[in-house]
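In what follows, a structure is listed as C-alpha cells, so that the remarks can point back to it.
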Amino acid sequence: MEEKERKEKFTTDSGIEIKRVYTLSPKGKDKDGAEHEQPGEYPFTRGVQPTMYRSKLWTMRQYAGFSTAEESNKRYHYLLSQGTTGLSVAFDLPTQIGYDSDHAFADGEVGKAGVAIDSLRDIEILFDGIKLENITTSMTINSTASILLAMYIALAKKQGADLKKISGTIQNDLLKEYAARGTYIYPPKPSMRIITDIFEYCSKEVPKWNTISISGYHIREAGSTAVQELAFTLANGKAYLKAAIDKGLDINVFAKRLSFFFNAHNNLFEEVAKFRAARRMWAKITKELGATDPRAQMLRFHTQTGGSTLTAQQPNNNIIRVTIQAMSAVLGGTQSLHTNGFDEAIALPTEEAARIALRTQQIIGYESGIADTVDPLAGSYFVETLTNEVETAAWEYIHQIDAMGGAVAAIEEGYMQNEIAASAYKYQEDIESGEKVIVGVNKFNVQEKPLTDIFTVDDSIRQLQIEKIKKVKAERDNEKVKELLKKLDSNARADINLMPTILEAAEQYATLGEIADTMRNVFGEYK
C-alpha cells in the first residue's frame with residue numbers, strides 16, 4: 001500500500017502542478033510501447049519507494065557526541081528541539097576500539113572524537129529523557145557494535161519499550177575498517193562471525209533494527225574516487241551476504257535489515273549517478289544470491305556530506321559545499337542525511353554550526369522544490385549516461401575482487417588499500433598543481449582571521465569517567481559479572497550466538513572494556 005502524500009497537490013510557485021513521477025511520455029511508455037522504469041520497482045534506479053519524499057522527507061540526522069554522556073544528552077535535546085528527526089551518535093576512540101576510559105591507551109582521547117561510553121550507566125545518561133520507541137538512532141560503531149547495541153537494548157528494556165518497535169542502525173562494518181579506517185580489534189574471521197551473530201539475533205529479537213550500515217563513507221574519506229567508493233562498498237556488502245547465507249540465514253529475511261552509508265562530495269552529477277547506480281547494482285547482486293522479496297533487493301542508504309572536502313581556510317565556504325553535497329544526496333534518493341558543520345575542519349561543531357547544518361537540510365526539504373517529484377534528474381541525457389558509466393566502471397572493480405576470492409581476500413592482499421592510496425595521491429597532486437581548484441585553498445585566497453568560536457573538549461573529563469567506572473563497579477554484583485564474562489569466553493570458543501550473553505553482561509553493568517577484552521582473549525587482535 002502506498003503512503004499518503006504530504007499534500008493534496010504539489011505545485012511550483014507559479015501554480016504549475018508537479019506530478020509524482022515523470023517519464024519520456026505521459027503514459028510512461030516509449031514509442032515502441034516499452035514500459036519506463038518506475039520508482040519502487042526492481043531494479044530501483046529511480047528510488048525504493050513509489051512516492052519518495054512526496055510522502056515523507058528523509059530522516060534529518062545530526063551526528064553528535066562528545067565529552068561525557070551528560071554533555072551529549074544536552075546536545076541531543078537541543079537538536080530534537082530544533083527539528084532533528086533522528087539521532088546519530090559519535091563515540092570516542094577508546095569506545096570504538098574496546099577500551100574503558102581508565103585504560104592507559106585511552107589517555108588523551110577520552111571524549112575527544114565522540115562520547116565516552118564505559119557501561120550501561122553511560123547509555124542511561126546519554127538517552128535520559130528520550131524514549132527509544134519514539135526515535136531512530138544511528139550509532140557509528142564497528143568493532144564494539146555488538147556491545148553498544150546490547151547496552152541500547154538493555155536501556156530499551158528498562159524503559160519498558162517493545163523491542164519489536166525500536167529502530168535504528170549500527171554501522172557494524174568491519175571490512176571497511178581493514179581497508180580504510182583502522183578501528184578494528186579482532187581478525188576478519190571472528191569479526192565476520194560476530195556480525196552474522198548480530199544479524200541472526202536481531203532478525204528474531206529486534207526485527208526493525210538495521211543490523212549493519214555497509215559504509216562507503218570512510219573509503220571515500222580515505223581518498224577513493226566515487227566509483228571506488230561504490231565498488232568497494234558493494235563488494236563488502238556481497239561478502240556480508242555470503243557470510244550470512246553460509247551461516248544458514250535466509251537472505252529474504254536478513255537482507256531487509258541491511259543498509260548503506262555513503263559520502264557526498266562536490267561533483268553533484270557524479271554523486272547523483274553514484275546513488276542511482278548503487279541501487280541498481282545492489283538489486284542485481286541480491287537477486288543473483290537468491291533474494292526474491294523486493295524489500296530484500298532494495299538498497300536503502302544514509303548519506304553524510306564530505307568531511308574531507310571541508311577546509312580550514314575560509315570556513316564559511318563550507319556552508320556552500322555542504323549545500324551542494326546535501327542536494328546531491330536528496331536528488332539521488334537518500335533515506336537519511338547528516339550535514340556537516342562548517343567548522344568541522346577545525347574542531348567539533350558548535351551549536352551554531354550544527355543549527356546551520358540542520359537548517360540547510362530543512363531549506364532543501366521545504367523551500368527548494370526538489371523533494372516534490374521522484375527522481376527529478378531522471379531522463380537527463382547526462383545523468384542517465386553518467387549513471388550507466390559509473391555502474392560499468394564499478395562492475396569492473398567488483399569482477400576483479402570476485403576473481404581474487406571476494407572482499408576479504410582483496411583486503412588481505414592489500415588490493416583495496418592500494419587502489420585508495422593511489423587515488424588519494426593523484427587527488428593531492430592535482431590540488432598542488434592547480435589542476436583541481438579548491439576555492440580559498442589554492443585559488444581565491446584572502447588574508448583572514450582564525451575562527452575564535454571553537455568547540456573544545458577538556459582533558460579533565462577522563463577523570464570524571466574513571467570515577468563513574470569506580471562507582472559502577474562498587475555498586476554492581478561483581479560475582480554475577482565474573483560469571484557472565486566466563487560464560488561469554490566459553491560461548492566465544494564454541495559455535496554459540498554471542499549476543500544474548502553480551503546483553504546479559506551489559507545488563508549487569510559489565511564494562512565495554514571487560515566485554516571486549518573477554519573476546520580479545522579468545523579471538524586475538526588483528527595486526
Side-chain angles (χ1 to χ4, degrees), residues 1 3-4 48-49 51-53 55-65 72-73 76-77 79-80 83-91 117 120 123-124 126-142 145-173 195 197-215 240 244 249 252-262 293-296 298-304 333-338 361 499 502-503 506:
M1 191 177 76
E3 290 189 48
K4 187 175 185 297
V48 292
Q49 294 120 356
T51 54
M52 285 301 286
Y53 308 132
S55 294
K56 185 185 175 190
L57 295 179
W58 61 94
T59 301
M60 297 182 187
R61 295 192 187 280
Q62 285 306 105
Y63 187 48
S72 293
N73 177 261
Y76 294 158
H77 280 285
L79 289 169
L80 290 168
T84 290
T85 53
L87 295 176
S88 190
V89 185
F91 298 96
I117 299 294
L120 174 58
I123 291 288
E124 290 167 352
L126 187 66
F127 294 102
D128 185 39
I130 299 169
K131 297 292 284 181
L132 300 190
E133 260 191 41
N134 301 337
I135 193 80
T136 67
T137 304
S138 174
M139 297 194 279
T140 304
I141 196 76
N142 298 284
S146 58
I147 305 169
L148 269 297
L149 176 58
M151 290 177 180
Y152 192 88
I153 293 169
L155 176 59
K157 286 171 73 175
K158 287 189 80 169
Q159 288 186 353
D162 179 351
L163 297 187
K164 299 285 192 282
K165 290 181 181 174
I166 68 163
S167 62
T169 305
I170 40 172
Q171 194 164 104
N172 197 28
D173 175 5
I195 288 165
D197 279 358
I198 293 169
F199 289 176
E200 183 179 51
Y201 176 83
C202 290
S203 67
K204 296 168 187 166
E205 303 299 329
V206 276
K208 288 184 76 177
W209 195 269
N210 295 324
T211 50
I212 193 167
S213 176
I214 304 158
S215 176
Y240 293 125
L249 303 184
N252 283 312
V253 177
F254 77 83
K256 292 175 188 174
R257 298 323 311 170
L258 309 189
S259 67
F260 286 80
F261 175 25
F262 287 117
D293 188 325
R295 288 182 301 155
M298 289 178 184
L299 182 146
R300 297 165 300 116
F301 68 100
H302 169 70
T303 310
Q304 182 174 340
T334 195
Q335 275 58 67
S336 72
L337 177 60
H338 164 74
Q361 293 199 50
M499 275 303 294
I502 293 171
L503 175 58

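Here the structure is a predicted model, which is why all the values come from computation and not from measurement.
Here OG1 of Thr211 is found 11.5 Å from CD of Glu200. Values are rounded to the nearest 0.5 Å. Atom CG of Leu126 sits about 5.0 Å away from atom CD1 of Ile117, to the nearest 0.5 Å. Atom CZ of Phe260 is separated from atom CG of Leu299 by 4.5 Å, given to the nearest 0.5 angstrom. One distance of note links CG of Asp293 with CE of Met298; it measures 8.0 Å at 0.5 Å rounding. With rounding to the nearest 0.5 angstrom, the CZ atom of Phe301 is 13.0 Å from the OG atom of Ser215. Distance OH/Tyr152 to CG/Leu163: 11.0 Å, rounded to 0.5 Å.
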Going by atom type alone, with no hydrogens or angles, which donor-acceptor pairs under 3.5 Å involve a side-chain atom of residues 127-135 and a protein atom two or more places apart or on another chain?
{"unit_1": "Glu133", "atom_1": "OE2", "unit_2": "Asp162", "atom_2": "N", "d": "2.7"}

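Side chains of Thr136 and Leu87 form no contact here, defined as non-hydrogen atoms less than 4.5 Å apart. Two residues are said to be in side-chain contact when any heavy atoms from C-beta on lie closer than 4.5 Å; Ser146 and Met499 meet this criterion. Between Tyr201 and Ile502, the closest side-chain pair of non-hydrogen atoms is not below 4.5 Å. Looking only at side-chain heavy atoms (C-beta outward), Glu205 and Leu503 stay at 4.5 Å or farther from each other.
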Exercise. For Trp209 and Leu149, what are the C-alpha separation, side-chain angles and deciding distance, and is it a side chain to side chain contact (heavy atoms under 4.5 Å, CB included)?
Worked result: CA-CA 10 Å; Trp209 195 269; Leu149 176 58; 3.7 Å; yes
Problem set entry | Evaluation steps, side chain to side chain contact (heavy atoms under 4.5 Å, CB included), between Asp173 and Tyr240 | CA-CA 9 Å; Asp173 175 5; Tyr240 293 125; 2.5 Å; yes
For this session: Determine, step by step, whether Thr137 and Tyr76 satisfy the side chain to side chain contact (heavy atoms under 4.5 Å, CB included) criterion, reporting the C-alpha distance in whole Å, the side-chain angles of both residues, the deciding distance to 0.1 Å, and the verdict.
Result: CA-CA 11 Å; Thr137 304; Tyr76 294 158; over 6 Å; no
For this session: Under the side chain to side chain contact (heavy atoms under 4.5 Å, CB included) rule, what do Ile170 and Asn210 come out as? Steps first, then yes or no, please.
Result: CA-CA 7 Å; Ile170 40 172; Asn210 295 324; over 6 Å; no
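Counting heavy-atom neighbours within 6.0 Å of Lys165 NZ, excluding the residue itself, gives a total of 12 or less.
With sequence neighbours left out, the side-chain contact (heavy atoms from CB on, under 4.5 Å) criterion links Ala255 to Leu241, Ile251, Ala296. The side-chain contact (heavy atoms from CB on, under 4.5 Å) check on Ser138 picks up Arg61, Ser88, Thr169, with sequence neighbours excluded. Contacts of Gln49 classified as side-chain contact (heavy atoms from CB on, under 4.5 Å), with partners at least two apart in sequence or in another chain: Met52, Gln335. Legend: residues meeting salt bridge (charged side-chain N to carboxylate O under 4.0 Å, His left out) with Lys208, ordered by chain and number and at least two apart, are absent. Considering only residues two or more places apart in sequence or on other chains, Glu124 meets the side chain to side chain donor-acceptor pair (under 3.5 Å) condition with Arg121, Lys158, Tyr509.
In this structure, the side chain of Thr334 engages the main chain of Ser336 through a donor-acceptor pair within 3.5 Å. No donor-acceptor pair under 3.5 Å is formed between the side chain of Arg300 and the backbone N or O of Arg295.
Using the six-membered ring where Trp is involved, Phe254 and Phe199 have ring planes that are parallel, under 30° apart on the 30 and 60° scheme.
Closest approach of Met151 and Ile123 over heavy atoms only: CB-CG1, 3.7 Å. In this structure, Pro207 and Arg257 approach most closely via the heavy-atom pair O-CD, 3.0 Å. The shortest heavy-atom contact between Val206 and Ile153 is CG2-CD1, 4.2 Å. Taking every heavy atom of both residues into account, Ile195 and Ile212 meet most closely at CG2-CD1, 4.2 Å.
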